[in-house]
Structures are given as C-alpha cells and as structure tokens.
Undergrad: 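Structure provided below as structure tokens; questions to follow.
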Amino acid sequence: MNFTKSIIYWYSTNKRDLPWRKTVNPYKIWLSEIILQQTQVKQGLPYYEAFVSKYPTIFHLANAPENNVLKLWQGLGYYSRARNLHATAKHIVNEFNGVFPNTYKDIIKLKGIGDYTASAIASICFNEVTAVVDGNVYRVLSRYFNIDTPINSSKGAKEFKSLAQELINKKDPALFNQAIMEFGAKQCKPKNPDCNSCPLNNSCLALSLKKIDALPVKTKAVKAKKKYFNFLIYITKDNQTILEKREGKGIWQNLHQFPLIETKKPINAKTLNDVIKSYTFLKNKKFQLSLYNSQPVIHKLSHQHLYTKFWIINIDKLEGNTIPITKIKNYPVPVLISNFIESFNFNLV
DNA sequence: AAAACGGGGTG
DNA sequence: CACCCAGTTTT
C-alpha cells in the first residue's frame, strides 16, 4: 500500500469520535478549526460544545456582543481568534446573507482564516482538493520523507504544502486531510512515537535513518521576556471595584483587568503608594495599600513571563467608573486575573 | 523573515 | 526547562 492509502486505512480503524466529525456544516467546521488552532483537542473540545450550544448558528454568533463571545472564549488564549471569529460571523451575515463562502479562494479572504483553515473548510465542507498543512502534517511528512527544511520558514511552508497537495486523495480530500492530521496526533507523535506499531514503519525514511527524534526541524524560538505587573484591586466600603478594558495592540486585547501598573523592575509598597497618591481621582482621599501575594505570581506566556503582584487598596468611596464586586464575573478576563479572583475571596470583604 | 499572540500538557 | 499543540496577523 502507498502512503496515502495506508494513512486512510489507519484512520478508518483508529479515528477518535469527535463532535465536528459528525457534520459538514461550514459554520461548525469553521468554529472547530478556529478553536483548534494551536490548541489540543482535549483543551478545545469543551469550548466547541459551549459555543455550539450558546450560538447554534452563525446568526446567533453574529448577533452576540463581543464581550459575551470573549467571555465564552475565556481561558482558551489567543483571543484574536475570538475577535476575528465574531467579526467574520458579522461579515458573513451582513454581506453574504449568512451563507458561508464555498471555495478556498473566497474562504481565505476571511479574517482569522489562513491557508490551513481555508483548506480544512474547503475540503471538509465542499470537497475541494486542497491539502491541509498543520503541525501534525509537518511532522508526518518530514519524517516519512526525511525532509529537514525548517517547518517554520517560508521555504518549508511552500515545500510541505506542495508535497501534501501531491499526496492528497483527489477523490476524497476531506478524508485524507483529517486522516493525516489524526495520524500525526495519535501515531506519529512528537515524543516517543510507537514506531513498532506504525503501518508505515517499512518505508519511513526517518525511522530507517534513526532520525525520528531529529525531525521535523524547527528554527529556535526566542526567549520570553520578563515583565513586572502590578494590579490594583480597589475595594470600597460599598463593595465597588475598578475594572478596565484593555485597549491597544498587545496581549489580551478587549479583555478586562484591574488597573495595571507595569514596571521594568519589581516595585515596593512605598514607591507604589507614592504613585497612587498622585492620582488626581484620589486627591484628598485616604486609602490603605496592602500587598496580597508576598511572592509574585509568575504567569508564563509564549513570549513573556509576567511577574505579578496584586495590591489591595481599601478606600471609603470612589466616584466614576466603578463596578459592583458582585458583577465581576460577568467580564471576560485573562486567566491570570480569573485565578486571582478565585483565590481572593471577595465575599469575605 | 521575524515577532507577537495564551494557555495547558508532556518528558 | 524546552517543546508542542487541527495557525494567523502584524511588524
């Protein structure tokens, strides 16, 4: 059996039972593909169920406020996926009457959809012969064909896409695409794959060359930078606090957080007290500042390590944009913030 | 071409 | 700690 037929046969007897495999509805396939970008099935599955349940059609999603969409996405990371998902839902409803585009060429024009996702939707929903290349496909092909072009280079992207496009089953592109990804996820795993049980172990070049551990090749990632975050948790006597929406370019765009002071170096209570004292909205007000966590919480992201301190500010009264502490869980917040909220029992205040 | 963008899991 | 995950967008 050749590569393509072997992969498809393996899939027929080894595939997992997953909810998005029971439909070819482009809305649901699209939703599943966005959720699964850079996300393992195990982590994405409950989010898929929650979205399908709360937003059964693209019209439900398009009509929802962005805050609600972000709230449902909370904890999954890469929040631009949720913002783009929502924006694209509105676009499809408003411009196309809710009808999903049905060719790779048109699908890839949509916000948040690149080559991988356009290929997945076009093949699964519309039987278009266009090969997916995700992390699984890179791994399977680089090993089987002993290709050491870095997968995170533009040369690698073209080379592997072209190879996958040659290998794809022209009669059932959807079947092949899902099969090779599942094969990568469950059989040709990143670490310690069970090559003894692999149906391709007679023809896999990396295996015969003892290069399984050396492939795929990926150029080095940059090291994460340290940042120092100081969140200010205002608490008034009438149980109000301040939550802000993150604007601008960086992480967690459009999510909410306690007012943040970011510094280059760790900051002590006296210095912070002086900074806060100078705020005009606190002029002539008395407040008490105390540090909640003596050791910083180290929140690790791909590109940043956030050394975080939570400062409690007890104060009699605040005017302006405060919210009741009881409403705090209505807002979409980063995991770093939701962990604090869970740990700091506001009910005791 | 390189960096930014999250959070969870593995060895 | 380094690497990976059904990648895309911005710089």
Side-chain angles (χ1 to χ4, degrees), chain A residues 11 15-16 18-21 29-48 70 73-85 87-88 107-121 123-124 131-140 150-158 160-161 164 174 176-186 188-193 213-225 227 246 248-255 298-306 332-339:
Chain A
Y11 183 66
K15 67 178 171 186
R16 288 168 288 183
L18 298 171
W20 46 85
R21 294 204 171 132
I29 296 299
W30 168 52
L31 177 61
S32 74
E33 294 299 345
I34 301 298
I35 286 173
L36 292 173
Q37 287 169 5
Q38 293 294 284
T39 303
Q40 301 201 175
V41 167
K42 185 179 174 187
Q43 189 190 4
L45 189 50
Y47 286 83
Y48 175 81
L70 286 171
W73 197 273
Q74 181 177 307
L76 198 53
Y78 284 164
Y79 296 93
S80 68
R81 291 183 293 171
R83 298 191 303 269
N84 287 335
L85 183 79
T88 293
I107 294 169
I108 201 170
K109 292 175 186 166
L110 301 170
K111 227 190 275 187
I113 296 186
D115 177 76
Y116 164 77
T117 304
S119 297
I121 298 171
S123 62
I124 294 170
V132 294
V133 183
D134 71 336
N136 294 305
V137 176
Y138 279 123
R139 187 169 53 256
V140 172
I151 61 171
N152 55 343
S153 66
S154 49
K155 182 168 182 285
K158 286 179 194 162
F160 284 96
K161 173 81 181 184
F176 175 78
N177 277 344
Q178 292 177 89
I180 190 171
M181 289 191 284
E182 186 81 339
F183 182 79
K186 306 303 287 183
C188 196
K189 296 182 294 184
K191 301 286 181 188
N192 306 322
D213 289 337
L215 291 171
V217 171
K218 201 170 183 178
T219 56
K220 278 293 179 194
V222 292
K223 271 200 65 177
K225 297 177 173 107
K227 291 190 173 182
R246 285 185 69 98
K249 291 279 110 178
I251 55 171
W252 303 329
Q253 193 182 6
N254 292 5
L255 273 67
I298 306 173
H299 191 71
K300 293 182 177 180
L301 309 178
S302 308
H303 293 80
Q304 308 176 30
H305 289 179
L306 309 177
V333 297
V335 164
L336 177 59
I337 299 293
S338 73
N339 285 347

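What you are looking at is a predicted structure, and each value in this text was computed from that prediction instead of being measured. Chain letters run A, B, ... following the sequence lines, proteins first, then strands; residues in each count from 1.
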Undergrad: Please list, in 5' to 3' order, the outermost nucleotides of DNA chain C lying under 4.0 Å from any heavy atom of chain A.
TA: C:dC1 to C:dT11

Undergrad: Once you apply a heavy-atom cut-off of 4.0 Å, does A:D115 come out as touching a base, just sugar-phosphate, or nothing?
TA: sugar-phosphate

Undergrad: So, using salt bridge (charged side-chain N to carboxylate O under 4.0 Å, His left out) as the criterion, who are the partners of A:K223 when residues are at least two apart?
TA: none

Undergrad: Report the residue (A:I151 or A:G112) whose heavy-atom-nearest nucleotide on DNA chain C is the more 5′ of the two.
TA: A:I151

Undergrad: Using a 4.0 Å heavy-atom cut-off across all strands, classify A:K225 as base, sugar-phosphate, or nothing.
TA: sugar-phosphate

Undergrad: Applying ring-ring contact (aromatic ring centres under 6.0 Å, His included), name anything that partners A:W20, two or more places apart in sequence or on another chain.
TA: A:Y48

Undergrad: With a cut-off of 3.5 Å and sequence neighbours excluded, list every side-chain donor-acceptor pair involving residues 109-118 of chain A.
TA:
unit_1	atom_1	unit_2	atom_2	d
A:K109	NZ	A:D106	OD1	3.0
A:D115	OD1	A:Y104	OH	2.5
A:D115	OD1	A:K161	NZ	3.1
A:D115	OD2	A:K161	NZ	3.2
A:Y116	OH	A:E33	OE1	2.6
A:T117	OG1	A:Q37	NE2	2.9

Undergrad: If the condition is salt bridge (charged side-chain N to carboxylate O under 4.0 Å, His left out), which residues does A:K186 pass it with, not counting sequence neighbours?
TA: none

Undergrad: Say whether, by atom type as modelled, one donor and one acceptor occur between the side chain of A:Q74 and the main chain of A:P334 under 3.5 angstrom.
TA: no

Undergrad: Yes or no on side-chain contact (heavy atoms from CB on, under 4.5 Å) for A:V140 and A:M181, after CA distance, side-chain angles and deciding distance?
TA: CA-CA 9 Å; A:V140 172; A:M181 289 191 284; over 6 Å; no

Undergrad: Please compare A:N177 and A:K223 by the position of their nearest nucleotide in DNA chain C and report the one closer to 5'.
TA: A:K223

Undergrad: Which value, in whole Å, describes the distance between the C1' atoms of nucleotides B:dC5 and C:dC5?
TA: 14 Å

Undergrad: What's the gap between B:dG8 and C:dT8 when it is taken at their P atoms, as a whole Å value?
TA: 22 Å

Undergrad: Looking at A:N339, I'd like to know if its CG atom is crowded, meaning that more than 12 non-hydrogen atoms belonging to other residues, nucleotides or ligands lie closer than 6.0 Å.
TA: yes

Undergrad: Does some side-chain heavy atom of A:V41 sit less than 4.5 Å from a side-chain heavy atom of A:L36?
TA: yes

Undergrad: Distance-only, no hydrogens or angles: does the A:R81 side chain make a donor-acceptor pair with backbone N or O of A:I34 under 3.5 Å?
TA: yes

Undergrad: Using a heavy-atom cut-off of 4.0 Å across all strands, would you classify A:K220 as base, sugar-phosphate, or nothing?
TA: sugar-phosphate

Undergrad: Considering every strand and a 4.0 Å limit on heavy-atom distances, what is the contact class for A:T117: base, sugar-phosphate, or nothing?
TA: sugar-phosphate

Undergrad: In whole Å, what separates the P atom of C:dA6 from that of B:dA3?
TA: 25 Å

Undergrad: Protein within reach of the bases, or only the backbone? For nucleotides 5-11 of chain B, mark each nucleotide 5' to 3' as B, S or -, using heavy atoms under 4.0 Å.
TA: BBBB--S

Undergrad: If you look at every strand shown and take non-hydrogen atoms under 4.0 Å, does A:W20 touch a base, only sugar-phosphate, or nothing?
TA: base

